[in-house]
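First up is the structure itself, then whatever we jot down about it.
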Amino acid sequence: MTQAASVGPVVAITGAGQGIGRALARAFARQGARVVVSDIDGMSCASAASELQALGVPADVTNAEHCAALVERAVAVHGRLDVMICNAGIMQLKPLLELDGKDWDRMLGVNVKGSFLTLQAAARQMLAQPPLADGRPRGKILLMASIAGRSGAGPIAAVIPHYRASKAAVISLTQSAAVAFAPQITVNAICPGLVETDMWQRMDRDWSALQGVPRGQAWQQRVAAVPMGRAQTPEDVADLAMFLASPAADYMTGQSINIDGGLMMN
Ligand code: NAI
């Protein structure tokens with residue numbers, strides 16, 4: 001069944017309980033998408049679903065059965081899955097010499113394996129469903145990487161080696177998946193810079209404890225380095241996600257796009 005023009009695309013988002021994921025969910029819902037919000041935190045997942053009158057499916061992205069169930073629920077309710085946004089992620093600040101194998105496994109478990117399992121579950125469904133319209137891809141997958149996966153600039157880079165490695169792996173996964181699933185599915189990654197969410201608040205708190213500097217200092221220093229003169233909002237990220245999910249980006253695949261106010265250029 002080809003999607004009727006009046007019905008919005010079905011867009012599933014992991015880590016949508018708060019922060020960037022929640023902003024993505026709001027932005028897609030405002031555009032008329034049939035949003036499916038998912039998060040490991042059942043309370044925030046339910047709150048996002050209730051706010052947006054959307055389907056909420058709690059899921060831990062490190063669990064393959066949860067990822068498959070997320071896709072199954074989306075399809076059971078909405079009939080198909082047009083866009084999957086693998087956004088769930090974690091961050092930890094710890095000097096390289098203090099990192100242990102558990103820290104490493106947890107970080108790569110959520111950020112890399114979690115992205116892989118969500119992407120795989122979504123791709124299985126998208127490859128099996130008819131295209132949106134003749135000549136258009138059957139689905140689109142967006143992964144949430146980071147400029148941290150590209151560059152080591154800034155003092156904090158030294159204490160997030162496992163986070164940086166995880167986001168570099170997400171960029172690589174994007175390229176492999178784009179080739180594997182073309183032309184049926186496009187796969188692209190978003191690389192935000194400095195987004196004011198709980199993740200950054202926690203990072204600022206931990207940096208302050210580690211370095212013995214006042215709270216807020218790390219944040220202010222990084223914002224001062226942004227050529228565009230301000231921190232990024234989750235809505236800035238949502239604007240890029242909506243473009244990548246739109247027909248205007250149908251020919252783009254395998255790309256990892258910085259949206260960082262020029263921070264990487266500094
Ligand atoms: P956040 O910490 O505010 O939100 C992350 C969400 O992911 C939370 O709702 C959390 O419950 C969920 N989550 C964590 N582990 C999960 C799991 N195993 N399964 C399902 N959900 C899980 O973080 P924020 O800032 O919204 O980040 C979202 C994404 O954007 C992450 O992948 C992050 O690495 C990336 N990013 C964030 C930047 C920033 O400056 N805040 C910059 C670049 C990338």
Side-chain angles (χ1 to χ4, degrees), residues 12-27 36-49 56-67 69-70 84-93 105-119 121 142-151 153-154 156-157 160 162-171 173-174 189-207 218-219 222-223 226 230-238 240-241 256-261 263-264:
I13 305 165
T14 66
Q18 63 177 45
I20 293 173
R22 185 121 168 196
L24 293 172
R26 287 191 183 117
V36 181
V37 289
S38 181
D39 204 286
I40 193 172
D41 181 324
M43 296 270 283
S44 67
C45 182
S47 148
V57 186
D60 175 355
V61 294
T62 66
N63 182 315
E65 285 168 16
H66 287 201
C67 295
L70 164 60
M84 171 61 86
I85 308 184
C86 312
N87 165 75
I90 57 168
M91 148 76 81
Q92 181 196 31
L93 218 110
D105 287 348
R106 183 163 175 268
M107 181 66 69
L108 273 79
V110 177
N111 292 3
V112 187
K113 182 179 159 194
S115 297
F116 152 67
L117 290 174
T118 321
L119 171 146
L142 307 184
L143 294 119
M144 201 55 72
S146 167
I147 59 165
R150 294 194 195 275
S151 123
I156 289 178
I160 53 169
H162 49 339
Y163 180 77
R164 295 195 55 227
S166 76
K167 293 302 183 179
V170 168
I171 290 170
L173 173 64
T174 302
I190 296 175
C191 301
L194 192 65
V195 192
E196 203 164 3
T197 63
D198 281 6
M199 181 179 278
W200 235 101
Q201 297 284 344
R202 288 192 299 273
M203 196 154 86
D204 190 75
R205 179 201 61 202
D206 295 348
W207 177 256
W219 173 258
R222 290 303 280 157
V223 173
V226 177
R230 65 166 175 86
Q232 183 173 359
T233 64
E235 290 72 29
D236 293 321
V237 183
L240 176 57
S256 300
I257 314 209
N258 294 353
I259 172 142
D260 66 346
L263 186 57
M264 272 258 311

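Note that ligands are numbered from 1 as they come in the structure, with each ligand's atoms numbered from 1 the same way.
Between Arg202 and Asp198 there is a side-chain heavy-atom pair separated by less than 4.5 Å. For the pair Ser256 and Arg150, the minimum side-chain heavy-atom distance is below 4.5 Å. The shortest side-chain heavy-atom distance between Arg222 and Leu263 falls under the 4.5 Å cut-off. The side-chain heavy atoms of Leu93 and Ile160, taken from C-beta on, include a pair separated by under 4.5 Å. Here the side chains of Cys191 and Lys167 are not in contact, with every heavy-atom distance at 4.5 Å or above. Between Arg230 and Asp236 there is a side-chain heavy-atom pair separated by less than 4.5 Å. Considering only heavy atoms from C-beta on, His66 stays 4.5 Å or farther from Pro58 through its side chain.
When only non-hydrogen protein atoms are considered, atom 35 (C) of ligand 1 lies nearest to Met144 CG, 3.7 Å. In terms of protein heavy atoms, atom 10 (C) of ligand 1 is closest to Asp39 OD1, 3.5 Å. Closest to atom 25 (O) of ligand 1, if we only count protein heavy atoms, is Thr197 OG1, 2.5 Å.
Counting heavy atoms closer than 4.0 Å to ligand 1, residue Ala148 contributes nothing at all. Counting heavy atoms closer than 4.0 Å to ligand 1, residue Asp60 contributes atoms from both its backbone and its side chain. With a 4.0 Å cut-off on non-hydrogen atoms, Met91 does not touch ligand 1 at all. With a 4.0 Å heavy-atom cut-off, ligand 1 is reached by the backbone of Ala59 but not by any atom from C-beta on. Counting heavy atoms under 4.0 Å from ligand 1, residue Lys167 touches it through the side chain alone.
Listed by number with element, the atoms of ligand 1 under 4.0 angstrom from any heavy atom of Gly15 are 6 (C), 7 (O), 12 (C). The distance from ligand 1 to the heavy atoms of Pro192 drops below 4.0 Å at these ligand atoms: 42 (C), 43 (C), 44 (C). Numbered from 1 in the order shown, with element, the atoms of ligand 1 that lie under 4.0 Å from a heavy atom of Trp200 read 39 (C), 40 (O). Every atom of ligand 1 is numbered from 1 in the order shown, and the set under 4.0 Å from a heavy atom of Tyr163 is 33 (C), 34 (O), 35 (C), 36 (N), 43 (C), 44 (C). Residue-ligand proximity, Gln18 to ligand 1, at heavy-atom distances under 4.0 Å covers atoms 1 (P), 2 (O), 3 (O), 4 (O), 8 (C), 9 (O). Numbered from 1 in the order shown, with element, the atoms of ligand 1 that lie under 4.0 Å from a heavy atom of Ala88 read 7 (O), 20 (C), 21 (N), 22 (C), 32 (O).
Assignment of Gly193 to the shell around ligand 1 is supported, since a heavy atom sits closer than 4.0 Å. Residue Ala145 places a heavy atom less than 4.0 Å from ligand 1.
The shortest heavy-atom contact between Val110 and Val61 is O-CG2, 4.0 Å. Closest non-hydrogen pair, Ala145 versus Ile171, comes out as CB-CG1, 3.8 Å.
The closest heavy-atom contact to atom 2 (O) of ligand 1, among the options Met203, Arg202, Glu196, comes from Arg202. Relative to atom 5 (C) of ligand 1, the option among Ser146, Gly89, Ser44 with the closest non-hydrogen atom is Gly89. If you check each of Asn87, Ile90, Thr14 against atom 32 (O) of ligand 1, the one with the closest non-hydrogen atom is Asn87. Proximity annotation for atom 13 (N) of ligand 1: of Ile40, Asn111, Ile147, Ile40 comes nearest, heavy atoms only.
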Stepwise side chain to side chain contact (heavy atoms under 4.5 Å, CB included) check, Val195 with Trp200: CA-CA 7 Å; Val195 192; Trp200 235 101; 5.6 Å; no
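Considering CD1 of Ile257 and CD1 of Ile147, their distance stands at 14.5 Å, rounded to 0.5 Å. Separating the CE atom in Met203 from the CE atom in Met91 is a distance of 4.0 Å, to the nearest 0.5 Å. The CD1 atom of Ile156 sits 10.5 Å away from the CH2 atom of Trp219 when rounded to the nearest 0.5 Å.
Within 6.0 Å of CD in Glu65 there are 12 or fewer heavy atoms belonging to other residues, nucleotides or ligands.
Annotation: Val195 places an N or O atom under 3.5 Å from an N or O atom of ligand 1; distance criterion only. Residue-to-ligand polar distances place Val61 within reach of ligand 1: an N/O pair is separated by less than 3.5 Å. Of the N or O atoms in Ile20, one or more lie within a sub-3.5 Å distance of an N or O in ligand 1.
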